[in-house]
Every structure is written in C-alpha cells, then in structure tokens.
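Beneath this line is the structure, given in structure tokens, with notes to follow.
Here is the naming used below: chain letters follow the sequence lines, and residue numbers restart at 1 for every chain.
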Amino acid sequence: MPSKVEVLVIGGGATGTGIARDLAMRGVDIVLVEAGDFATGTTGANHGMLHSGARYALTDPISAKECAAESKILKHIAHFCIEDTGGLFVLAKDDNEGYADEFLNACRLANIDTHEIDVDKALTLEPGLDSNIRAVVEVPDASIDPFFLTLGNVEAARFYGATVLNHSPVCGIRSSGSRFEVTINSGKKSILADVVVNATGAWAGRTAAMLGIDVPICMDKGTMVVFNGRLVNRLINRMRPPSDGDILVPHRTSTILGTTSSPGSLGEVASYSEVESLINEAAAIFPNIRTARAIRSYTGIRPLLNCKEMGRSITRSFQVIDHAYDGVDGMLSIIGGKLTTFRLMAEKASDVIMKKLGRTARCSTANEEIILSDDEASDIFDVEAMRYRQGRKINNLSLDMACGCEAVSSGELFIQASSPDVVNIDDLMRRTRAGMGYCQAGLCVLNMASAMGVGVSELRHYMSERWKGIEPVLYGEQLRQEAFKAHLMRVYGIDHTEPPQ
Amino acid sequence: MMSRIEDGCIKCGTCQNACPVFRIENYPYFQGPRRIAVEAPRFSRELTSLSDSPHMCTSCALCESVCPSRLPITEAVLKMRTHYGIESEGGRRMISNINQYGRTIAPTSKFTSPVSGSTLFFPGCIGDARVPSAVQGAVDMLIALGDQVYIPNEWYCCGSPLEKIGAKSEVDRLQEMNSAILGTAERIVTACPGCTFQLQKNSNVDVLHVLEHLFEVITPSRLRWRSTNPINVALHSPCHLVRSVGPHTMDYAREILGSIAGVRVIDMDDEGCCGGGGGVTSTFPEMALKMARLRVESAIRAGAHMILAPCPFCVVNLRRVGDLEVKDLTAFLTELSLCR
Ligand SMILES: Cc1cc2nc3c(=O)[nH]c(=O)nc-3n(C[C@H](O)[C@H](O)[C@H](O)COP(=O)(O)OP(=O)(O)OC[C@H]3O[C@@H](n4cnc5c(N)ncnc54)[C@H](O)[C@@H]3O)c2cc1C
C-alpha cells in the first residue's frame with residue numbers, strides 16, 4: 001500500500017467501489033479501504049432490484065427519474081450481473097383501484113416505459129399470481145446481483161490503477177496540514193491523503209466522528225426472506241403506496257421477498273414476526289408464498305439523514321456532503337441513494353473531488369462495461385453457471401461438484417480461494433455463491449473449508465453466522481433440512497445452531 | 001412455480017449415489033438425478049446447457065425408490081425432457097412412426113390368435129416388432145392353459161415410450177385411439193412392464209403383467225413345467241417391472257422358475273438397470289450397451305447359461321452384448337410347456 005495518495009475512499013460497498021472505479025478511470029491516484037469484505041454492508045443485504053423507478057414514481061419523483069435513467073445505463077455496463085427479467089405491478093383484490101391511474105401517470109412523467117396488460121395474460125406469464133388481481137402494469141425492472149456488481153467495480157478500479165483493500169478497517173483520521181492521516185487496522189498502517197471520502201453508509205456517523213464531524217444517522221431496518229427456486233419469472237410489485245412485503249424478486253436460484261421498514265440497529269437479525277408479516281402481505285398477490293420453502297432471512301440497514309421523517313416517507317435520493325461547511329475541507333460523506341443509482345452517486349461525488357484536486361478529467365463510467373463479459377455459451381452446465389456468476393468462464397477447470405445447489409465446481413472454488421482478498425469462508429461464499437442454496441452450506445461447507453485450507457473452528461464460526469439467518473425461517477422443509485444438517489455436522493463435533501463464539 | 005419435488009430435497013445424495021447411469025458416465029457430462037430433477041429447475045438461463053443429461057436417464061426409478069423424502073424424481077426428469085423437447089434422431093423416428101402407424105415401430109408380425117375373447121393380450125410395439133416369439137408364445141401358452149385369450153385386430157402404442165421422451169400430446173392422442181379397443185376387454189394382459197404400467201394408469205379394467213396373470217389368475221398349481229436339459233439361468237429384474245408394477249412380480253418369477261425341474265436360478269453378484277429403458281437405446285446407444293454389458297458380465301461370472309428377462313426392452317438391449325443367450329421369460333416358459 002502506498003503511504004501517500006490523492007484520494008482515500010473509506011467503505012467498500014457499491015458507493016465506495018463505484019467512486020473508486022470512477023476516479024481511477026479519470027486517472028486519479030486512489031486507495032479504497034473496506035473494514036470487512038466488499039459488499040458486506042447494506043450493499044450485500046439489499047433486495048437486488050434494479051429499479052426502473054416505478055416504485056418511486058408517485059412518492060419520490062426525483063429518485064424515480066434517477067432510477068429510470070441509471071437502470072438503463074447499468075443494463076448496458078453491468079449486464080454480467082443483471083438478469084433483465086422485467087417486472088409487473090399488480091393491483092391486489094382489496095387494494096385501492098384509483099391508485100392504478102395515478103401510478104401510470106406518474107411513471108409517464110418520470111420517463112418510465114410502462115404499459116398495462118390483461119390480467120389473463122399476466123396470469124399465464126406468472127401462474128402463481130392470485131387469480132383475483134384486478135390490474136397489471138408491465139415495467140422494465142430487473143434483477144441485479146449486488147455482490148458481483150461490487151466485485152466488478154473493485155476489479156475495474158484495480159485495472160485502472162487503484163489500490164483496493166478489504167479487511168482493512170479505518171480506526172482513526174487526523175487532519176495534518178492540508179492533508180489527512182488515516183490509520184488502518186488498529187494502527188498497523190497509516191496513509192496520507194489529500195481528500196478523504198466517507199462512503200461508509202450506515203457507519204458514516206461513526207466515521208465522520210473520527211474527525212469530530214457530526215453526521216446524524218438514523219437506522220432503518222429492512223428484512224427480506226429468501227425462498228428456494230424461481231417462484232416468479234419477473235419482479236412482482238404490489239401496486240399500492242410503498243409498504244411492507246410488496247415485492248418478489250427472482251434472484252439467481254431463488255426468490256427474495258421484501259421488505260419491511262422499522263427503526264433498527266447494525267447487526268440485528270430478522271424476527272419471526274417480520275417473516276410472518278412479510279408472508280402475510282405477499283399472499284395478497286401471491287398466495288403460494290405460504291407453502292413455498294423459505295431458506296433464509298436477512299436484514300439491511302438504510303442510513304437515513306433526516307431522523308424526523310423515518311421510514312419510507314423520506315427521499316431515497318442521495319446526498320453528497322462537503323464537510324468544508326463543517327470546517328474540514330477535503331472530506332466528503334456520501335450517504336443514501338440506492339444500489340441502482342450508485343454510478344450516478346459516484347459520478348456526482350467524483351466531480352466534487354476532482355474540483356478539490358484541481359483536476360479536470362470527466363466521468364466516463366457510463367460508457368464502458370464494468371467488466372468485459374464473456375458471451376460465449378458453454379455446453380457444460382457448471383461452466384455455464386460459472387459464466388453467469390462471474391461474467392466469464394474458465395475452461396479446463398476441475399469440474400468436480402463442490403456445491404450442488406449453485407452448481408459450483410471445485411475448480412471455481414480453488415481459483416477464488418487463491419485470491420489474496422479471500423481470507424475466510426464467507427469471502428469465498430460471496431465470490432462463488434457456494435453455500436447460498438437451499439441446503440445452506442450443509443454439504444459444500446466442507447469443500448469450501450478444504451479449498452481455503454481452514455479447520456473446524458473456522459467452519460464452526462461460518463455455520464453459526466449462517467444460522468442467524470436460518471433460525472427465523474425454521475419451518476416446513478427447511479426444518480427437515482436443518483435437522484439433517486445437525487446430524488451431518490455432529491460428525492465434525494459441530495452444533496451449527498450454536499451462537500457464534 | 002416450485003413443487004414438492006424441488007422443495008422437498010434435503011441434499012442427502014442418496015439418489016446421486018444410487019443412479020446406475022453414474023456408473024457409466026461421469027459428472028459433469030452426466031449431471032445425475034438430483035441435478036436434473038431438483039437443482040437445475042431452480043436456475044434460469046443456465047438451463048440451455050443441461051440438455052443431454054435429462055435424456056440420459058433410463059427412467060429406472062432407483063433414485064426415487066431410495067429417496068428418504070420420497071420425491072417423484074423420475075416424473076420430474078420427464079418434465080425436464082418435455083422442457084427441452086424431442087431432440088434425438090431416435091425420438092423423431094418414433095414420432096414419425098406414431099403418426100404413420102400409431103406404433104413406435106412399424107408393425108411387422110402376424111400372430112396366430114383369436115381376435116375376441118375375455119382376456120385381451122396386448123403385444124406392445126417392441127414385443128410385436130422385436131420379440132414376437134414372446135407374444136406368440138404367451139398367447140399359445142395361455143390358450144393351452146385354458147384361457148379365453150385374444151389379440152385385437154387393431155391396437156396402438158400404449159404411450160409409455162412417448163412419455164419417456166417428453167411427447168405429451170402424442171401420449172394423450174394414443175390413449176384416445178386405444179380407448180374403444182381396450183375398453184371392451186374383461187382383463188388386459190401384457191408381457192411388457194412399460195405397457196402394463198402405462199395401461200394401468202388410465203384403464204378401468206385389470207391390467208396385469210403376464211407373470212401376475214400366471215400366478216394370481218391361473219395359479220401356480222396348474223403350472224407344471226419341466227426342462228429336458230438342466231440349465232442355470234440368471235434372472236434379470238426389469239426396473240419398470242419391479243418399481244412401477246411392483247416388487248412382487250419378481251417373487252412370482254422366482255417361484256415359478258424354482259418349481260421347474262432342471263432349471264436352477266442362480267444369484268448374480270451385481271444387479272441393476274440394463275440400460276434398456278427411458279429411450280436411451282436410441283439416444284445414447286453406446287451408453288446403453290455399456291450398461292447391458294455389466295449385467296451380462298455379472299451373469300457370466302455367476303455361471304449362468306442364459307439370462308431371462310420378463311421385459312422386451314431388457315431382452316432387446318441385453319441381446320446387443322452378444323456374449324450370452326438372452327430370452328424373454330415368457331418365451332422361455334412357452335418352450336418348456338411344449339415338453340410338458
Ligand atoms: C432493506 C434494503 C433493501 C434495499 N433494496 C434495494 C434494491 O432492491 N435496489 C436498490 O437499488 N437499492 C436498494 N437498497 C439500497 C442500497 O442497498 C444502498 O443504497 C446501497 O447498498 C448503499 O451502499 P453503500 O456503499 O453506500 O453502503 P454499504 O454497502 O453499507 O457500504 C458501507 C461500507 O463501509 C464499510 N465500513 C464501515 N465502517 C468502516 C471503516 N471504519 N473502515 C472501513 N470500512 C468501513 C462497511 O463495512 C460497508 O461495507 C436497499 C436498502 C435496504 C436497507
């Protein structure tokens with residue numbers, strides 16, 4: 001790591017890595033540091049929607065317009081991690097009919113390509129929909145994988161010369177002259193930067209506090225439930241003012257139902273009652289959700305700046321805060337926004353940074369694919385699965401099955417495990433999806449541990465972390481799965497239902 | 001939409017370990033029952049690269065018989081085949097024969113048999129075209145045993161092989177064509193496990209495999225056979241007979257053979273699918289042959305002079321190996337009954 005840079009970005013979510021890519025493409029000398037692994041904050045815990053903007057058309061027209069424009073751009077530059085499924089807005093039997101016209105109008109104003117389709121046609125496209133729905137509108141929503149998007153940003157930023165480090169928490173920032181001295185990893189390293197960018201999302205208040213700056217953040221918790229398999233072919237939104245349990249997103253080998261919205265704090269897990277209420281809400285448009293197999297739950301934190309208006313009423317557009325106004329010139333915080341608008345946020349933030357650096361290069365992130373994706377299909381399932389995950393395939397890999405649920409080969413595991421970025425089993429999971437399927441790592445955890453060369457204690461830690469997301473959905477088939485897993489794990493002296501030590 | 005099949009799996013791997021195709025073909029070329037039936041349908045765009053695997057299944061149903069969650073794996077594999085449509089040369093030939101003759105193979109045989117009676121003997125396409133001696137023999141034997149057996153003038157494929165290649169509309173059409181012909185019988189008997197099971201599914205009269213008919217209707221006390229030359233036979237268990245019609249059928253076969261003086265049924269050290277089912281003899285003939293060879297080698301090791309199989313598909317596929325005589329069980333019994 002260099003000891004002096006132009007810009008230091010703190011936070012390796014979509015926002016931070018987006019800024020790193022943007023600035024690196026403009027030729028800026030930059031380092032990004034992330035406390036944990038990339039996309040382990042809100043980015044890795046969101047709903048995975050590439051918003052067409054329709055959801056915000058009525059309540060938040062600014063966000064809606066931003067999403068409409070940005071989703072089009074991302075479908076081009078990030079198509080390796082996007083499945084362009086399209087989406088439907090569905091009016092439930094007992095919801096307000098008048099909303100449909102208002103909704104269509106607002107979409108038109110926000111420049112979102114929408115049209116109404118027959119209920120009968122919708123029922124053939126999506127056989128699981130409730131047959132009593134009364135109106136359906138087609139929208140250009142899509143499904144996006146936030147992990148691979150973020151990893152793509154990291155790769156692109158590095159390609160353009162950035163230094164990007166995970167497992168490097170910032171623990172102190174000091175201004176020294178016109179520069180900042182940032183200490184990393186409990187003081188083991190330090191670095192001098194002309195500009196510091198705080199892209200730490202829900203942690204932004206803590207980060208700013210290191211320089212004595214007050215950024216009051218309120219935390220709004222959102223819970224999601226992951227179901228096995230593709231229950232729907234496209235995103236299904238409930239047509240009503242944004243509320244809980246409105247959306248089903250087909251995501252890779254699963255379907256994600258979300259979200260809730262309530263005051264929360266970092267590190268909270270989902271509650272049984274949140275899971276139950278999500279399912280009850282969704283059943284109004286998708287009755288079969290009650291019998292579908294839930295495989296896990298997770299929660300994400302929305303950092304909200306304006307604490308008085310909690311929850312969904314606040315704008316989801318973003319803010320770039322120049323702390324020159326707090327008397328600290330050279331420090332910026334970027335807060336809010338959406339995954340869908342990360343590129344725009346990065347562009348706006350980078351424009352301000354360029355001005356501070358006195359440099360002029362313009363943003364070019366909208367014109368170039370984040371990673372060059374490989375569009376040549378393979379006739380081997382596991383290789384094809386790899387291509388859709390990684391954006392590229394590698395031939396001549398060892399194709400022994402390592403994770404059956406997600407079709408991950410041992411070759412893919414070993415390649416990812418050999419990256420210096422990968423220091424634990426979680427890191428490997430995020431880069432391969434091994435462990436994310438319906439058995440929730442019941443079998444592949446052993447293959448992951450051997451690819452990493454780690455022992456039982458690492459394995460136990462990983463399983464306990466997974467368990468936090470499984471416990472709230474412990475019913476039906478997943479209960480059988482976990483009972484079977486308990487027997488398997490006992491062989492290794494592991495109780496996978498124990499809290500992490 | 002997901003169903004019990006995709007959602008009920010707990011990943012024990014028993015089906016993958018049991019699958020006989022996995023003994024011949026390696027992963028990832030063959031993806032195995034769990035991948036085809038349970039894991040793959042959860043994917044979307046990747047599915048274009050799975051197409052060979054579902055067609056390599058012999059539909060032996062061993063996977064589902066060992067599944068602790070009792071998932072209908074074979075049905076799910078067939079659903080995947082329907083998803084991909086008919087891709088193989090053999091499959092297309094079958095469809096074209098169905099369109100022309102109502103049979104999967106052009107009719108060849110003329111049987112000497114009454115054309116009316118109470119027990120309808122259903123020859124089946126493979127019996128008719130590939131093992132006619134088994135059909136004629138069965139009819140002769142049943143007449144000799146005093147049964148009012150007949151073969152109708154006209155009959156069509158039962159639909160079983162078409163279901164296996166995913167041709168759902170043809171299956172429905174054939175069922176319709178056969179309904180008037182089969183509806184008038186008091187009982188239907190066939191020497192083909194595939195026909196037995198398929199006709200059972202949509203018939204309101206009793207449909208019996210000939211072994212069941214011999215044992216349950218004619219009763220063993222009236223079956224007195226003797227072999228002039230002492231002979232060691234290996235008895236092959238057809239998957240569709242054992243798992244679709246029922247395991248009792250092989251007990252009947254053993255009991256019948258065991259009562260015949262001069263015939264010794266010897267045990268093989270390795271039993272299993274011969275590779276003759278699920279349409280793989282036409283789509284993956286090399287693989288089907290390798291599977292048959294395993295069966296024949298096991299019979300030779302056990303010191304058998306002959307393999308007997310109560311299924312025309314098994315007979316045809318096992319014969320392709322050529323190292324040991326293979327006979328339809330009914331045809332074997334018929335020849336014995338002549339020397340009664
Ligand atoms: C429930 C929910 C659902 C959502 N669904 C969607 C959706 O479907 N579509 C959409 O477009 N948007 C969605 N969003 C919004 C979207 O997820 C966020 O806007 C986006 O992920 C924010 O990314 P970020 O990089 O700003 O924050 P984060 O991803 O939280 O990144 C901040 C990073 O900073 C790191 N960090 C913290 N402190 C330090 C430190 N001291 N040193 C170094 N690193 C540090 C953290 O580890 C973290 O990785 C959703 C949000 C929530 C809460």
Side-chain angles (χ1 to χ4, degrees), chain A residues 83 85 126-129 143 227-233 250-255 286 288 291-295 377-389 397 399-401 403-407 409 437-444 476-485 487-488, chain B residues 1-19 21-22 25-57 63 66-73 76-77 79-80 83-84 87:
Chain A
E83 201 182 335
T85 57
E126 297 293 346
L129 286 175
S143 170
F227 292 86
N228 180 42
R230 309 270 292 207
L231 304 178
V232 292
N233 301 311
H251 181 78
R252 306 253 184 215
T253 58
S254 68
T255 305
F286 199 87
N288 292 340
T291 51
R293 174 174 177 178
I295 60 176
S378 160
D379 57 2
I380 299 170
F381 189 76
D382 313 61
V383 177
E384 197 62 350
M386 175 185 197
R387 186 171 74 88
Y388 279 117
R389 264 191 300 272
L397 276 184
L399 290 173
D400 293 342
M401 188 198 288
C403 165
C405 296
E406 299 302 306
S409 63
Y438 61 84
C439 83
Q440 288 287 296
L443 293 180
C444 65
E477 301 288 5
Q478 200 60 25
L479 183 58
R480 293 175 59 239
Q481 178 72 69
E482 298 305 322
F484 177 61
K485 210 150 94 190
H487 284 285
L488 282 181
Chain B
M1 191 54 218
M2 305 299 284
S3 63
R4 163 97 176 114
I5 172 77
E6 289 103 346
D7 274 349
C9 174
I10 57 168
K11 220 50 173 217
C12 67
T14 316
C15 59
Q16 300 278 91
N17 290 333
C19 177
V21 176
F22 257 144
E25 300 292 354
N26 290 329
Y27 190 84
Y29 174 51
F30 177 64
Q31 298 258 325
R34 186 179 68 204
R35 173 57 55 74
I36 301 165
V38 180
E39 293 162 355
R42 301 156 48 255
F43 285 78
S44 56
R45 302 166 294 186
E46 296 85 347
L47 281 180
T48 47
S49 62
L50 188 74
S51 57
D52 265 1
S53 282
H55 297 279
M56 292 164 79
C57 166
C63 49
V66 298
C67 172
S69 305
R70 286 282 172 268
L71 302 180
I73 301 174
V77 171
K79 206 170 99 191
M80 285 302 266
H83 172 86
Y84 290 109
E87 288 185 334

Practice task
Find out whether B/Val38 and A/Tyr438 are in side-chain contact, i.e. whether some heavy atom of one side chain is under 4.5 Å from a heavy atom of the other.
Solution key: yes
Problem - Flag for A/Arg480-B/Ser69: side-chain donor and acceptor within less than 3.5 Å - result: yes
Practice task
Look up atom CZ in A/Phe381 and atom OG1 in B/Thr48, then write down how far apart they are to the nearest 0.5 Å.
Solution key: 9.0 Å
Practice task
Quick one: which of B/Cys9, B/Gly13, B/Ser53 has the most heavy-atom pairs under 4.5 Å with chain A, could you say?
Solution key: B/Cys9
Practice task
For each of A/Lys485, A/Arg252, A/Arg293, tally heavy-atom pairs with chain B at distances under 4.5 Å, and name the one with the top tally.
Solution key: A/Arg293
Practice task
Please look at A/Phe484 and chain B and tell me whether the side chain, the backbone, both or neither of the residue comes under 4.5 angstrom of a heavy atom of that chain.
Solution key: side chain
Handout entry: Short side-chain to backbone donor-acceptor contact, B/Arg42 and A/Cys405, under 3.5 Å
Key = yes
Exercise for the section: Just jot down the ring-ring contact (aromatic ring centres under 6.0 Å, His included) partners of B/Tyr27, sequence neighbours excluded, or say none. Expected result: none
Handout entry: Under 4.5 Å from any heavy atom of chain B - which part of A/Glu126
Key = neither
Practice task
May I ask you to test the A/Met401-B/Arg34 pair for a side-chain heavy-atom distance under 4.5 Å?
Solution key: yes
Problem - chain B contact via A/Ala385 - which portion, at a heavy-atom distance below 4.5 Å - result: both
Exercise for the section: With sequence neighbours left out, write down each residue that passes side chain to side chain donor-acceptor pair (under 3.5 Å) with A/Tyr388, or none if nothing qualifies. Expected result: none
Problem - Part of A/Glu406 lying under 4.5 Å from any heavy atom of chain B - result: both
Fill in the blank from the handout: Taken to the nearest 0.5 Å, the spacing of A/Cys444 SG from B/Lys11 NZ works out to 8.0 Å
Practice task
Would you indicate whether the side-chain heavy atoms of A/Asp382 and B/Gln31 approach each other to under 4.5 Å?
Solution key: yes
Exercise for the section: State the CG-CD1 distance between B/Leu50 and A/Ile380, to the nearest 0.5 angstrom. Expected result: 12.0 Å
Exercise for the section: Please flag which part of B/Arg35 lies under 4.5 Å from any non-hydrogen atom of chain A: side chain, backbone, both or neither. Expected result: side chain
Handout entry: Top contributor to chain A interface from B/Ala40, B/Pro68, B/Gly32, B/Ser44 [non-hydrogen pairs under 4.5 Å]
Key = B/Ser44
Practice task
Sort A/Ala407 into side chain, backbone, both or neither according to what part of it lies under 4.5 angstrom from a heavy atom of chain B.
Solution key: both
Fill in the blank from the handout: All heavy atoms of B/Ser49 vs all of A/Ser378, minimum pair found to be CB-O, 3.4 Å
Completion exercise
CG of B/Asp7 to CD of A/Gln481, rounded to nearest 0.5 Å, is 11.0 Å
Practice task
With a 4.5 angstrom heavy-atom cut-off, could you sort out which part of A/Leu443 is near chain B: side chain, backbone, both or neither?
Solution key: side chain
Practice task
Determine yes or no for a side-chain-to-main-chain donor-acceptor pair under 3.5 angstrom, with B/Glu46 supplying the side chain and A/Glu384 the backbone.
Solution key: no
Completion exercise
OH (B/Tyr29) and CG (A/Asp379) are apart, to the nearest 0.5 Å, by 9.5 Å
